[in-house]
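Here the structure is laid out as structure tokens; the discussion comes afterwards.
Positions are given from 1 along the sequence.
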Amino acid sequence: MKRAVRWFVLLLAFLGLTVSLAGVSLYVAQDQLLYPGAQATMPFGDLRVERPDGVMRGWVIHPEAEDALIVFGGNAMSLSRYAPHLAACSSRAIYLMPYRGYEGQMGKPHERDFVADGIALVDEARKKHARVGILGISIGTGVATQVAVARKPDRLWLVTPYDKLTRVANDTMGGLPVSLIMRDAFDSEAAARQLSGVPTLILQANHDEEIPAARTEQLVRALPQAPTAWLHVDAGHNTMLSSEQMCAALRE
């Protein structure tokens, strides 16, 4: 009996060590997993936004338009690659500024910088445009909601959004509490509760492989008022971007 107990204790110790090592590995690699980056398809344009630690660069499409649209993309999305499609969908001046570490941008990607840089980008756009809207896509919806709380855009589009990225991660890992080791939470639900008076349009993919429907539904419930539209699109997480419904929504 004592021998059996000893082997049981050793087994528990081994399992504990394995889980600990896996947790450490995930903690160390989380930035690479969460922010894989993207490659630019063209040199930076004229967009320059001064930040305390340097200059952020990007592009502006339709720069002479009266109204502007700020775009926060997905975690592996190349804004420059997607620019022609956006140009065809919206007549607004479209501001595309890659996240830090993306498409040749300076710095390293982190949520706090994404939000601070986004606020600065809205301030820059408001120097030239009467109205500024914000578009968030996938992980970018977590940035868009926080920036919208700070700067109250005239309209907010959220494409494949979620309530909190840490919950998405837990769901993806079969309920394992990986959120405990995540540095960036992207708490869109908390931000959404402060979006009173901001017209918000939700585009949810019916076949989303990344964001469970429950995560989007929880976000919508957090809004102070019902969204101006909640579109359920017959698309997947990545095919949503090429859907006619998304393009039509951006024309509003």
Side-chain angles (χ1 to χ4, degrees), residues 34-148 150-160 201 203 238 240-243 246-252:
L34 189 57
Y35 308 121
Q39 298 297 314
T41 61
M42 56 184 172
F44 283 131
D46 295 333
L47 177 61
R48 295 174 59 90
V49 178
E50 298 285 344
R51 304 296 296 128
D53 57 342
V55 178
M56 299 287 287
R57 302 292 304 278
W59 308 270
V60 183
I61 305 169
H62 311 145
E64 302 305 320
E66 181 178 1
D67 299 332
L69 176 65
I70 308 294
V71 181
F72 299 108
N75 72 328
M77 182 178 174
S78 170
L79 293 180
S80 56
R81 187 183 305 277
Y82 193 56
H85 183 71
L86 284 170
C89 292
S90 177
S91 59
R92 290 186 179 224
I94 302 170
Y95 281 69
L96 303 172
M97 189 173 79
Y99 300 132
R100 291 172 181 245
Y102 280 60
E103 302 187 63
Q105 194 71 272
M106 71 167 191
K108 295 182 179 180
H110 288 293
E111 177 185 7
R112 64 181 181 275
D113 293 320
F114 290 179
V115 175
D117 294 338
I119 291 171
L121 179 57
V122 171
D123 291 342
E124 184 68 23
R126 280 185 168 155
K127 296 176 182 178
K128 302 176 182 178
H129 304 279
R131 301 197 310 163
V132 175
I134 293 175
L135 165 64
I137 301 169
S138 189
I139 198 173
T141 61
V143 182
T145 52
Q146 295 181 65
V147 174
R151 289 298 182 265
K152 302 295 183 183
D154 74 89
R155 187 179 295 267
L156 175 65
W157 290 264
L158 298 176
V159 179
T160 61
L201 190 150
L203 288 101
N238 294 318
M240 170 70 89
L241 299 183
S242 58
S243 69
M246 177 174 167
C247 200
L250 291 179
R251 296 191 187 105
E252 294 187 9

For the side chain of [X] and the backbone of [Y], is there at least one donor-acceptor N/O pair under 3.5 Å apart?
X: R57; Y: G45; answer: yes
X: R126; Y: R151; answer: yes
X: Q105; Y: P98; answer: yes

Salt bridge (charged side-chain N to carboxylate O under 4.0 Å, His left out) contacts in which one or both residues fall within residues 73-93, not counting sequence neighbours
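Residue pairs passing salt bridge (charged side-chain N to carboxylate O under 4.0 Å, His left out), neighbours aside: R92-D154.
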
Can you check side chain to side chain contact (heavy atoms under 4.5 Å, CB included) on H85 and M246, steps first, answer last?
CA-CA 11 Å; H85 183 71; M246 177 174 167; 6.0 Å; no

Verdict with reasoning, V55 to M106, per side chain to side chain contact (heavy atoms under 4.5 Å, CB included)
CA-CA 8 Å; V55 178; M106 71 167 191; 5.9 Å; no

Ignoring hydrogens, what is the shortest heavy-atom contact between [X] and [Y]? Give both atom names and the distance.
X: N75; Y: I139; result: N-CG2, 3.3 Å
X: G136; Y: T141; result: O-CG2, 3.2 Å
X: S78; Y: T41; result: OG-CG2, 4.3 Å
X: A125; Y: V132; result: CB-CG2, 4.2 Å
X: D117; Y: M97; result: O-CE, 3.6 Å

S138 side chain reached by M77 side chain, heavy atoms, under 4.5 Å
no

Taking side chain as C-beta onward, heavy atoms only, is L121 less than 4.5 Å from L47?
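When only atoms from C-beta onward are counted, L47 and L121 do touch, with a gap below 4.5 Å.
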
Using the disulfide (SG to SG under 2.5 Å) rule, collect all pairs that involve residues 118-147, keeping only residues at least two apart or in two chains.
none

Scan residues 34-107 for pairs that pass disulfide (SG to SG under 2.5 Å), counting only residues two or more places apart or in two chains.
C89-C247

Under 4.0 Å between a Lys/Arg side-chain N and an Asp/Glu carboxylate O for R155 and D67?
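No, no charged N to carboxylate O under 4.0 Å.
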
Parallel, tilted or perpendicular, as decided by the 30° and 60° cut-offs, for the rings of Y99 and Y102:
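Perpendicular, since the angle between the ring planes exceeds 60°.
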
Look at atom CG of D53 and say whether more than 12 heavy atoms of other residues, nucleotides or ligands are closer to it than 6.0 Å.
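Check passes, neighbour count above 12.
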
Within a 6.0 Å radius of atom NZ on K128, are there more than 12 heavy atoms belonging to other residues, nucleotides or ligands?
no

Hey, could you give me the [atom1]/[atom2] distance between [X] and [Y], rounded to the nearest 0.5 Å?
X: I94; Y: L79; atom1: CD1; atom2: CG; value: 11.0 Å
X: I70; Y: L156; atom1: CD1; atom2: CG; value: 12.0 Å
X: K108; Y: R100; atom1: NZ; atom2: CZ; value: 12.0 Å
X: I61; Y: L96; atom1: CD1; atom2: CG; value: 4.5 Å

Test of understanding: with side-chain contact (heavy atoms from CB on, under 4.5 Å), list the residues that count as partners of A93, not counting sequence neighbours.
V60, A65, A68, Y95, H129

List for me each residue that meets salt bridge (Lys or Arg N to Asp or Glu O under 4.0 Å) alongside E111, sequence neighbours excluded, and say none if there are none.
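Salt bridge (Lys or Arg N to Asp or Glu O under 4.0 Å) check on E111 returns nothing, list empty.
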
Would you mind listing every ring-ring contact (aromatic ring centres under 6.0 Å, His included) that reaches into residues 57-77, with sequence neighbours excluded?
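ring-ring contact (aromatic ring centres under 6.0 Å, His included) check on residues 57-77 returns F44-W59.
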
